[in-house]
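What follows is a short report on a single structure.
What you see below is based on every heavy atom in this structure, not just the backbone, and it leaves out hydrogens, waters and symmetry mates. For this chain, numbers begin at 1 and follow the sequence in order.
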Amino acid sequence: MAELGVLDWIQLHFHSDFFDLAMPFFTSLGDNGFLWILLGVLLLIFARKERSTGGQLLLSLVFSFVICNLILKNAVDRIRPCDLNTAVALLVQRPPDPSFPSGHTSASFAAVTVLFRNCWKGRWVALVLAILIAFSRLYLYVHFPTDVLGGLLTGLLSGWLAVILWRKWESSRRLPPPKAMG
């Protein structure tokens, strides 16, 4: 399988003591979308001018969870690479759910899509974190490259849907301007 070759290439060329510590850390930032949920809640509650962004971010995570974890993972039911190549020592606990798509990647890119669509000031840092989280799933041998690509695409879709629907909802709540008397 060509995708295992990509993962083996990553193991061969990137494997180091530093990455063996760093990649589990980055992947843990994406566990259950916690980092992105925390960011969305903080924006919603404490950043008055960013409340809409926080709401959109949280909505994007709901869409990501439904599309990725409830629908696609169960429909595709793909085996994980670590189950095919058991010679690779896992640095994290084997995830119990199916492999496709990567939920860590989907949640990360759902959040980043919202942050970029709203020109949030920390969007570039968030993008770097999302890329590191996605790469960590490959480095840790728990996802195939197409799982990460699928997660990226479901994340982009989830973020885009959240922004569009939130903005439609916001615009429907605005009162029309008063009519001129005349």
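- Applying side chain to side chain contact (heavy atoms under 4.5 Å, CB included) to L115 and the options T53, V125, L127 leaves one that passes, T53.
- Nearest heavy-atom pair across P98 and D77 is CG-OD1, 3.4 Å.
- Residues C82 and R94 share a closest heavy-atom pair of SG-CG, 3.8 Å.
- With sequence neighbours left out, the salt bridge (charged side-chain N to carboxylate O under 4.0 Å, His left out) criterion links D17 to no other residue.
- By the rule that hydrophobic residues join a cluster once side-chain heavy atoms approach within less than 4.5 Å of another member, L57 and L161 end up as members of separate clusters.
- Residues forming a salt bridge (charged side-chain N to carboxylate O under 4.0 Å, His left out) with R51 (at least two apart in sequence, or on another chain): none.
- A continuous path of Ile, Leu, Val, Met, Phe, Trp and Tyr side chains, each step under 4.5 Å between heavy atoms, connects F18 with I133, placing both in one hydrophobic cluster.
- Atom SG of residue C68 and atom CD1 of residue I71 lie 10.0 Å apart, to the nearest 0.5 angstrom.
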May I have the list of side-chain donor-acceptor pairs in residues 28-41 shorter than 3.5 Å, sequence neighbours left out?
unit_1	atom_1	unit_2	atom_2	d
S28	OG	F25	O	2.6
D31	OD1	H104	NE2	2.8
W36	NE1	S108	OG	3.0

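- Across all non-hydrogen atoms, the minimal contact from Y141 to L4 is OH-CD2, 3.5 Å.
- Within the 4.5 Å cutoff, no side-chain heavy atoms of V163 are placed close to those of T113.
- Looking at L90 and L140, their side chains never come closer than 4.5 Å, going by heavy atoms from C-beta outward.
- Every residue two or more places apart in sequence or in another chain that forms a side chain to side chain contact (heavy atoms under 4.5 Å, CB included) with F46 is listed here: L42.
- Residues L58 and I67 do not share a hydrophobic cluster, clusters being chains of Ile/Leu/Val/Met/Phe/Trp/Tyr side chains in contact below 4.5 Å.
- Ring-plane geometry between W9 and F14 is classed as perpendicular, the angle between the planes exceeding 60 degrees on a 0 to 90 degree scale with a lower cut at 30.
- Considering T27, L132, L91 in turn, L91 is the only one that fulfils the side chain to side chain contact (heavy atoms under 4.5 Å, CB included) rule with Y139.
- When the options V148, L149, L138, I131 are evaluated for a side chain to side chain contact (heavy atoms under 4.5 Å, CB included) with T105, the one that passes is V148.
- Residues forming a salt bridge (charged side-chain N to carboxylate O under 4.0 Å, His left out) with D8 (at least two apart in sequence, or on another chain): none.
- Residue pairs that meet the salt bridge (charged side-chain N to carboxylate O under 4.0 Å, His left out) test with at least one member in residues 141-164, sequence neighbours left out, are R78-D147.
- When the ring-ring contact (aromatic ring centres under 6.0 Å, His included) test is applied to F116, the partners found at least two apart in sequence or on another chain are W124.
- Every residue was checked against the ring-ring contact (aromatic ring centres under 6.0 Å, His included) condition with F100, not counting sequence neighbours, and none meets it.
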Steps toward side-chain contact (heavy atoms from CB on, under 4.5 Å) verdict (F109, L153): CA-CA 8 Å; F109 280 90; L153 294 174; over 6 Å; no
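- For residues 156-165, there are no salt bridge (charged side-chain N to carboxylate O under 4.0 Å, His left out) pairs, not counting sequence neighbours.
- Applying the side chain to side chain donor-acceptor pair (under 3.5 Å) test to residues at least two apart or on different chains, the pairs with a partner in residues 153-167 are S52-W166, S106-T154, N118-R167, W166-E170.
- With values rounded to the nearest 0.5 angstrom, R117 atom CZ is found 12.0 Å from S60 atom OG.
- Scanning for salt bridge (charged side-chain N to carboxylate O under 4.0 Å, His left out) contacts around R80 gives D97, with sequence neighbours left out.
- Here F65 pairs with N69, L70 under the side chain to side chain contact (heavy atoms under 4.5 Å, CB included) rule; sequence neighbours left out.
- Across all their heavy atoms, L72 and P101 have their closest contact at CB-CD, 3.5 Å.
- The two atoms that bring A162 and V114 nearest to each other are CB-CG2, 4.5 Å, heavy atoms only.
- Hydrophobic cluster membership is shared by F19 and V128, with clusters built from Ile, Leu, Val, Met, Phe, Trp and Tyr side chains linked at under 4.5 angstrom.
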